[in-house]
Each structure stands twice: as structure tokens, then as C-alpha cells.
Peer 1: 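One structure is given below, represented as C-alpha cells, and several questions about it will come after.
Throughout, numbering of the chain's residues begins at 1 and tracks the sequence.
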Amino acid sequence: YAKTIAEGENLSPEQQKLVEVTAVVHDIACPLCRVKYGNANGKHQEEESAALIEEFFVDSDLPKEFVDRVSYIVSHHHTITGIDGIDYQIMIEADYLVNADESNFSGNNVRNMLEKVFKTETGKFLLQSMYQKRLNAEKNSEEMRRFYLWENSGLIICLYYNYMRMRGYNKYKKSHT
């Protein structure tokens, strides 16, 4: 998804390359984390990534600034605060698109990310397209809940009105009997 979002956002060739390289290595720490911690928790991945990225690119001909940026993004790709560039934003969005499916995130979770975290038009389009049923199901569920609350409130008001009538209360009288 990172490549698709980057292309949709018309990044420069250098930014496109950075996003694509970052996407390829962004989960580099997963195997180590599974052995070391027993899981691939995002925070553990972020903690372990920098050293692995440095080692992975040690003999490459990529500029140090390029590798440092890849390392920074990979070391933060589960942190949705402090996003400091379109490359980082795209990685957050692309990783979420995959994780939402793999982890079966709720429609409310998807809607929250759409409204508060996703910034690129391409990422938003993909998220809405991929998870439209989930978004609609929970939206419809919320509308039904509101309807039932309103309907039940109306029922309670009717019951109260009938109770008061049975007790002799009449709104046109000054006091009830």
C-alpha cells in the first residue's frame, strides 16, 4: 500500500524510493521480537529496529541521510504522534491498512483513524474503499441504537403519562386528586 499511496500523492522520485525502501524493511524487527519477547508488539519493533536497519544497510551505496530517514521511520512506524513528513505519514497509513485487516479492527477503530490520523487523499480513499462494509455496519448499528433509545424514551414517557392519568393527574387541573 505504501507504493500505491506514494504514487497517488505524486511524490518526487527520491521520496517515492524512500517510501518503497522503508516499506520493504519496516517489519525488520518482527522475527527478533518474537524470539526475544514472545510477540511482535509494535513498541518492541520500534525499539529493536534501528540497530537492525543500520546493519542491513551497512554495505549499501545509499546515502547516510537516506538510511537515517528509513531508520527513523521504521523506528516510529507504530507511533501516530509527531509525524514529521509525508514519507512517515504514508508508512503509518499503509501499515494501518494491512493491520486493520489482519487484526480485524472494528468499524469504530477504522473511523477514528480515518478522521484523526489519515491525511493523504489516497490513503483515505483506500481505507474507505477497503473497509466500507465495516464502517457502514457500525454506523447503522449506532443509528439503530439511537432509534431504540429514542423509541424507549417515548415508551417511558407514554407509560408515565398513563400512570399519572390513572392517579388522577390532569394537566389542565391545578392539582391532582
Side-chain angles (χ1 to χ4, degrees), residues 1-11 15-57 60 62 66-149:
Y1 296 111
K3 180 181 189 313
T4 301
I5 296 171
E7 288 172 348
E9 297 302 307
N10 298 310
L11 299 188
Q15 287 178 312
Q16 182 77 32
K17 179 180 177 181
L18 183 98
V19 167
E20 290 180 25
V21 168
T22 304
V24 169
V25 298
H26 83 280
D27 280 338
I28 194 169
C30 285
L32 171 68
C33 291
R34 285 188 189 99
V35 170
K36 188 172 180 179
Y37 304 104
N39 62 60
N41 173 284
K43 291 303 165 194
H44 293 313
Q45 287 181 51
E46 290 181 343
E47 292 166 5
E48 300 291 345
S49 292
L52 296 172
I53 293 290
E54 184 179 331
E55 183 180 335
F56 186 81
F57 287 108
S60 78
L62 293 170
F66 185 96
V67 174
D68 287 348
R69 184 64 180 168
V70 170
S71 180
Y72 178 81
I73 295 169
V74 171
S75 297
H76 292 84
H77 80 279
H78 286 280
T79 302
I80 60 172
T81 57
I83 297 171
D84 65 354
I86 188 72
D87 47 5
Y88 183 175
Q89 179 67 42
I90 289 170
M91 287 309 305
I92 291 291
E93 293 178 12
D95 198 46
Y96 181 82
L97 289 170
V98 172
N99 292 338
D101 186 49
E102 290 175 353
S103 300
N104 199 26
F105 291 157
S106 71
N108 284 337
N109 182 294
V110 172
R111 183 174 293 102
N112 185 55
M113 288 295 286
L114 178 63
E115 292 171 357
K116 296 181 179 173
V117 177
F118 274 57
K119 304 290 184 229
T120 69
E121 291 305 312
T122 309
K124 289 178 184 179
F125 174 79
L126 289 172
L127 185 64
Q128 289 172 321
S129 299
M130 293 168 64
Y131 301 107
Q132 192 62 48
K133 285 183 182 177
R134 244 182 254 181
L135 289 166
N136 286 343
E138 292 209 8
K139 182 179 177 190
N140 292 340
S141 174
E142 177 63 18
E143 287 172 1
M144 289 304 293
R145 187 185 70 76
R146 285 190 196 135
F147 173 75
Y148 288 129
L149 286 174

Peer 1: Decide yes or no on ring pair (Phe, Tyr, Trp, His ring centres under 6.0 Å) for Tyr96 and Phe105, but give the supporting numbers first.
Peer 2: CA-CA 10 Å; Tyr96 181 82; Phe105 291 157; 5.4 Å; yes
Peer 1: Do Thr4 and Phe125 pass the side-chain contact (heavy atoms from CB on, under 4.5 Å) test, and can you show the C-alpha distance, the side-chain angles, and the key distance before you say yes or no?
Peer 2: CA-CA 11 Å; Thr4 301; Phe125 174 79; over 6 Å; no
Peer 1: Check Ile53 against Ser71 and note the closest heavy-atom contact, atom names and distance.
Peer 2: CG2-CB, 3.7 Å
Peer 1: Minimum heavy-atom separation for Val21 to Val70, with atom names?
Peer 2: CG1-CG2, 4.2 Å
Peer 1: Excluding sequence neighbours, so at least two apart, what forms side chain to side chain contact (heavy atoms under 4.5 Å, CB included) with Tyr37?
Peer 2: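 Here the qualifying residues are Cys33, Asn39, His44, Glu47, Glu48.
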Peer 1: Verify whether the ring centers belonging to Phe57 and Phe66 lie closer than 6.0 Å.
Peer 2: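 Distance test on ring centres: not under 6.0 Å, no.
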Peer 1: Answer yes or no: is there a side-chain heavy-atom contact under 4.5 Å between Ile73 and Leu18?
Peer 2: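 Side-chain contact under 4.5 Å: yes.
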Peer 1: Decide yes or no on side-chain contact (heavy atoms from CB on, under 4.5 Å) for Leu97 and Ile5, but give the supporting numbers first.
Peer 2: CA-CA 11 Å; Leu97 289 170; Ile5 296 171; 4.0 Å; yes
Peer 1: Run the side-chain hydrogen bond (donor to acceptor under 3.5 Å, both in side chains) test against Asn99 and tell me which residues pass, sequence neighbours left out.
Peer 2: Asp95
Peer 1: Not counting sequence neighbours, which residues clear side-chain hydrogen bond (donor to acceptor under 3.5 Å, both in side chains) with Thr120? List them please.
Peer 2: Glu93
Peer 1: Donor-acceptor pair, Gln45 side chain versus Asp27 backbone, under 3.5 Å?
Peer 2: no
Peer 1: Do you know the tightest heavy-atom contact between Met91 and Ala2?
Peer 2: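 Looking at all heavy atoms of both residues, the closest pair is SD-CB, 4.0 Å.
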Peer 1: Is it the case that atom CD in Glu7 sees more than 12 heavy atoms from other parts of the structure closer than 6.0 Å?
Peer 2: yes
Peer 1: Shortest non-hydrogen contact from His26 to His77?
Peer 2: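 In terms of heavy atoms, the two residues are closest at O-CE1, 3.0 Å.
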Peer 1: Between Ile80 and Val117, what is the shortest heavy-atom contact and its length?
Peer 2: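 What the structure gives for the nearest pair is CD1-CG2, 3.7 Å.
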Peer 1: Return the CD1 to NE2 distance between Ile92 and His76, rounded to the nearest 0.5 Å.
Peer 2: 10.0 Å
Peer 1: Who are the side-chain hydrogen bond (donor to acceptor under 3.5 Å, both in side chains) partners of Asp68, not counting sequence neighbours?
Peer 2: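 By the side-chain hydrogen bond (donor to acceptor under 3.5 Å, both in side chains) rule, Asp68 matches Lys64.
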Peer 1: Kindly write out the residues that satisfy side chain to side chain contact (heavy atoms under 4.5 Å, CB included) with Glu20, not counting sequence neighbours, or none if the list is empty.
Peer 2: Lys3, Gln16
Peer 1: Show the nearest heavy-atom pair for residues Lys124 and Phe118, with the distance to one decimal.
Peer 2: CE-O, 3.3 Å
Peer 1: Ser75: what forms a side-chain hydrogen bond (donor to acceptor under 3.5 Å, both in side chains) with it, not counting sequence neighbours?
Peer 2: none
Peer 1: Can you confirm whether more than 12 heavy atoms, excluding those of Tyr72, are under 6.0 Å from its OH atom?
Peer 2: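 Counting other residues, nucleotides and ligands, OH of Tyr72 exceeds 12 neighbours.
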Peer 1: Any side-chain heavy atom of Thr22 within less than 4.5 Å of one from Ile90?
Peer 2: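 No - every pair of side-chain heavy atoms lies 4.5 Å or more apart.
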Peer 1: In terms of side-chain heavy atoms, does Tyr131 have a donor or acceptor partner in Asn109 at a distance below 3.5 Å?
Peer 2: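 The answer is no; no qualifying pair exists.
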Peer 1: Taking side chain as C-beta onward, heavy atoms only, is Val19 less than 4.5 Å from Glu9?
Peer 2: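 Val19 does not reach Glu9 side chain to side chain.
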